[in-house]
Peer 1: 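Quick one: the structure is below, questions incoming.
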Amino acid sequence: MKKVRVLPPATVANVVCGFDILGFALNEPCDEFEVEITEEPGVRIVNLDEYNLPTDPEKNVSGAAMLAMLEETPDIKGCIIYSKKIIKPGSGIGSSAASAAGVVVGLNHLLGNRFSNADLVRFAMFGEKVASGVKHADNIAPCIYGGVTLIRSIFPLDIVSIDAPPLYATVVHPQIEVRTADARQILRQKVLLKDAIKQWGNIAGLVAGFLKKDYDLIGRSLEDVIIEPVRSILIPGFDEVKKRSKDAGALGGGISGSGPSIFMLSKDELTAKAVAKEMEEVFIKIGIDYHTHVTSINSQGVKIIHSA
Ligand code: HSE
């Protein structure tokens, strides 16, 4: 088998209080990649979308991840990546992670699953480094493992899958650009102890809420006193979206990854749809184009749909 098609899903990183350490995968949207093993050395990238992403593999997110993987696969000379991005770069729902995770999962499949999921996260993080200048795994890990993941440590990698009750996610993506590198740049480097205490209470509460399937505890714990107050100023309408979503019955939510997307979690699909309507009304009112997604947590991770 020389070629495989994969659908890596969008992901929500941070999950409000867990900056850089929590994330979950969404059932929609997904990118589409094909990975083909070739005799031609190196990585060739063929773009099948309108985003005009770099084709130099060292400057391309999926290319950098693939180069890292090829370093440890001396029996493979090279490969071609056919890239069709559906998840818009810079949207805050893990576009770069989907690019990096998709191709390494694809090649691993062609190699008879030679590498563990943790190895694949390690390779894919080289892609995140290209995208944001920093290796973080809170999009990549859920993209590869599926479900909700906790990155207890990044060096060394320690990833924990967290069982969660059924949850619906509503995501609104206002059509403005927030670069992850910029959204990281503006963060304060020091945290007050009183804020840290609140934050780790919330992270522990959120993880406990997922495991105990306690929706109220999940809702109470979706609070961020450290990152959100700084980053939310980059997203017009943020406070109103949050208030109206909660009034419509959402458990809670906040900035998805580094933004500009905003996500909300709900117990049922009807509420998630009502939340989408509230979000849409806010962006219509302030005159910013938007896309919304009503979806659920993806427990599978990257989907392998076709091999030839
Ligand atoms: N944890 C990262 C951040 C995710 O918030 O900067 C970026 O998608």
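One-based numbering, in listed order, for ligands and for the atoms of each. Each residue takes its place number in the sequence, starting with 1. The figures here come from the full heavy-atom set of this structure, side chains too, leaving out hydrogens, waters and symmetry mates.
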Peer 1: So, R44 and E36, do they make that salt bridge, N to O below 4.0 Å?
Peer 2: no
Peer 1: Would one find an N or O of N14, backbone or side chain, under 3.5 Å from an N or O of ligand 1?
Peer 2: yes
Peer 1: If you take the centroid of each ring, where Trp contributes its six-membered ring, are Y145 and F24 closer together than 6.0 Å?
Peer 2: no
Peer 1: Relative to ligand 1, is D138 under 4.0 angstrom through side chain, backbone, both or neither, heavy atoms considered?
Peer 2: side chain
Peer 1: Ion pair present between E72 and R122, side-chain N to carboxylate O less than 4.0 angstrom?
Peer 2: yes
Peer 1: Any atoms of ligand 1 less than 4.0 Å from a non-hydrogen atom of R184? List them with their elements.
Peer 2: 1 (N), 2 (C), 3 (C), 6 (O)
Peer 1: Would you mind listing which atoms of ligand 1 come within a distance below 4.0 Å of any non-hydrogen atom of F19?
Peer 2: 3 (C), 5 (O), 6 (O)
Peer 1: After noting the C-alpha distance and the side-chain angles of K84 and D31, does the key distance pass the side-chain contact (heavy atoms from CB on, under 4.5 Å) rule?
Peer 2: CA-CA 6 Å; K84 189 168 171 197; D31 279 341; over 6 Å; no
Peer 1: With heavy-atom distances below 4.0 Å as the criterion, list the atoms of ligand 1 near D20.
Peer 2: 1 (N), 2 (C), 3 (C)
Peer 1: Answer with side chain, backbone, both or neither: which part of R231 has a heavy atom less than 4.0 angstrom from an atom of ligand 1?
Peer 2: side chain
Peer 1: Using a 4.0 Å heavy-atom cut-off, say whether N139 meets ligand 1 through its side chain, its backbone, both or neither.
Peer 2: side chain
Peer 1: Check the surroundings of atom CD in E50: do more than 12 heavy atoms from other residues, nucleotides or ligands lie under 6.0 Å from it?
Peer 2: yes
Peer 1: Assess whether a salt bridge exists between E281 and K277, defined as any Lys/Arg side-chain N lying under 4.0 Å from an Asp/Glu carboxylate O.
Peer 2: yes
Peer 1: Who's the nearest protein heavy-atom neighbour of atom 7 (C) of ligand 1, and how far?
Peer 2: H136 CE1, 3.6 Å
